[in-house]
Amino acid sequence: MDTTDVLVSEESLDPVDWSALRSLGHRMLDDMLTYLETVRERPVWKKPTPYAVRRMQDALPLYPQEAESVYEDFLSQVLPYNVNNIHPRFWAWVQGSGTAEGMLADMLASGMNANVSIGDHMPMYVEQQVLNWSKEIFGFSVSAGGILTSGASIANITALVVARNYFSKLIKQGGLRSLPGQMTIYGSSETHSCLLKAVEIIGIGSDHFRKVPVDSQFRIRLDILQKMVSEDRQAGNLPFCVVGNAGTVNTGAIDDLEGIFRVAQKENLWFHVDGAFGAIPRILPEFEDQLKWIERADSLAFDFHKWFYMNYEVGAVLIRDSKIQRDTFAYPATYLSVHEKGLSGGPDPFSNYGMELSRGFKALKVWMLLKEHGLQKYASLIRQNISQARYLGSLAEEHEELELLTPVSLNIVCYRYNPGGLSEADLNGLNKEILMQLQLEGIAAPSYTLLKGKYALRVAITNHRSRRQDFDLLAEATCRIGRSLAGK
Ligand SMILES: *Cc1c(COP(=O)(O)O)cnc(C)c1O
């Protein structure tokens, strides 16, 4: 074989022409910065055209296409039809709004292509630092455990796996059939669906998630919680965990966390808090009374990509006792053992603390953004969102044709158009139509929920770009569309 031939035919995925890629890269960066700078000028939502959707059925590419032309495809087919949670009037579900700095940090992390699983390299220490800062924010001790996740769903599952395995040493190897009874878990009826999924995934089954009824403010009824636990014990079931909600997804209700902690302590249950977005106001002194009990939790799930406004995806779980976390996930594999020196030295691998081995460098944006903005900045933005929610709540209360459906406790406002004289069924239909019109016209993107059978326009404000006038505009548009649909 001719060796020069072999050398000539070797290739890589690096650009042949770095300077061409450099100018394309600069163009992309400029385009995206402009895109973010001008977001307010565009409609909040735009339906993907049938053509753009059809293009997503193009054949599998076998041969190269110029990078620039691929970028043109992105510009014409993808970018215009963003979910657009970056828009100042995006308030659907609970979605964070991201930042330009976060975009840049993600670029840096992606350029490094760090796999934050094992080894003696700085990305491992950056994630440890971010976890340590998180512990400080929520009052966990520095020796506590934790791990960054793609979001609160995975954070909640991670916590429940730890809680489950802690309940009995037999489960890790023997599975649930090594137990003498049925494990049961408790949380309010307002608990997020990801926890019910978690209970299904970890083999306990959602039938064994006891949905405790809520009071008029959508908070867990402690008396019924206590009763359910006692009844389960009498029936020979095995209560192992109770979930407290710091900010329910429907209304932002914060459970009586102290009360849940007391029940957990008395009944020897794992106390888990789902604080996806609602744990974050812990950084405000005015929420200290309600949220300081998070520090007594055995585990906490929360998101950086919601109310810390960080770019998708990044969430976290904290576990009070890192040894219990490690006992749950550590698995001795020779190829993953830590050496005394060299690249294979360094911190305990993250794979010993969670479900994944290969993991991206999500920690970098959190580290950079916390440094760039400082916790005080986040505190004032969160306070701003809460005051905007109260403002919209007062608009809905004061306006004759609007009705506030639940008191505003955090950053979520549930209201409807109600001009009077319509049946509940008609109001439900009318408000659903109003919601769709608000989105179709590109004015605003709230979402919806059902509260005691009433269809509510639901505005969840985890958006640093929203301004007061955006809520004036929403209230006006709701009434305008409502009137025209109701034929008034
Ligand atoms: C969003 C949310 C979750 C799920 O978090 P993801 O980051 O979307 O996976 C869980 N609980 C509550 C209360 C939420 O708002």
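Sequence positions, counted from 1, serve as the residue numbers for this chain. Read the numbers this way: they start at 1 and go in the same order the structure lists the ligands and their atoms. This is a predicted model, so every value here is computed, not measured.
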(message) I'd like to know whether Asp470 forms a salt bridge (Lys or Arg N to Asp or Glu O under 4.0 Å) with Arg89, so could you lay out the CA-CA distance, the side-chain angles of the two residues, the decisive distance to 0.1 Å, and finally the verdict.
(response) CA-CA 6 Å; Asp470 291 313; Arg89 286 188 300 278; 2.8 Å; yes

(request) Answer yes or no for Arg282 and Phe287: cation-pi contact, defined as NZ/CZ to six-membered ring centre under 6.0 Å and angle to ring axis within 45°. (result)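 No, Arg282 does not lie over the aromatic ring of Phe287.
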
(request) Flag this pair as yes if the NZ/CZ of Arg416 is under 6.0 angstrom from the six-membered ring centre of Tyr455 and inside a 45 degree cone about the axis; otherwise no. (result) no

In the protein, what heavy atom is nearest to [atom], and what distance, to one decimal place, separates them?
atom                    : result
atom 4 (C) of ligand 1  : Ser153 OG, 3.5 Å
atom 11 (N) of ligand 1 : Asp274 OD2, 2.7 Å
atom 5 (O) of ligand 1  : Ala152 CB, 3.1 Å
atom 3 (C) of ligand 1  : Lys306 NZ, 3.3 Å

Give the numbers and elements of all ligand 1 atoms closer than 4.0 Å to a heavy atom of [X].
X      : value
Cys194 : 10 (C)
Gly151 : 7 (O), 9 (O)
Phe277 : 15 (O)
Gly247 : 13 (C)
Ala276 : 2 (C), 3 (C), 10 (C), 11 (N), 12 (C), 13 (C), 14 (C), 15 (O)

(message) For Trp93, which part has a heavy atom under 4.0 Å from ligand 1: side chain, backbone, both, or neither?
(response)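 For Trp93, no heavy atom sits under 4.0 Å from ligand 1.
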
(message) Around atom NZ of Lys323, are there more than 12 heavy atoms from other residues, nucleotides or ligands closer than 6.0 Å?
(response) no

(request) Can you label the angle between the Phe302 ring and the Phe304 ring as parallel, tilted or perpendicular, going by 30° and 60°? (result) perpendicular

(request) Would you confirm whether the ring centroid of Phe240 sits within less than 6.0 angstrom of the ring centroid of Trp270? (result)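 Here the rings of Phe240 and Trp270 have centres that are no less than 6.0 Å from each other.
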
(message) Could you tell me if Ser299 and His272 have a donor-acceptor pair between their side chains, going purely by distance under 3.5 Å?
(response) yes

(request) Dump the intermediate steps for salt bridge (Lys or Arg N to Asp or Glu O under 4.0 Å) on Glu286 and Arg383, then the final yes or no. (result) CA-CA 10 Å; Glu286 57 268 37; Arg383 201 175 270 131; 2.6 Å; yes

(request) Flag Thr248 as yes when one of its N or O atoms lies below 3.5 Å from any N or O atom of ligand 1, and as no otherwise. (result) no

(message) Please check whether Asp303 reaches ligand 1 - meaning an N/O of the residue sits under 3.5 Å from an N/O of the ligand, judged on distance alone.
(response) yes

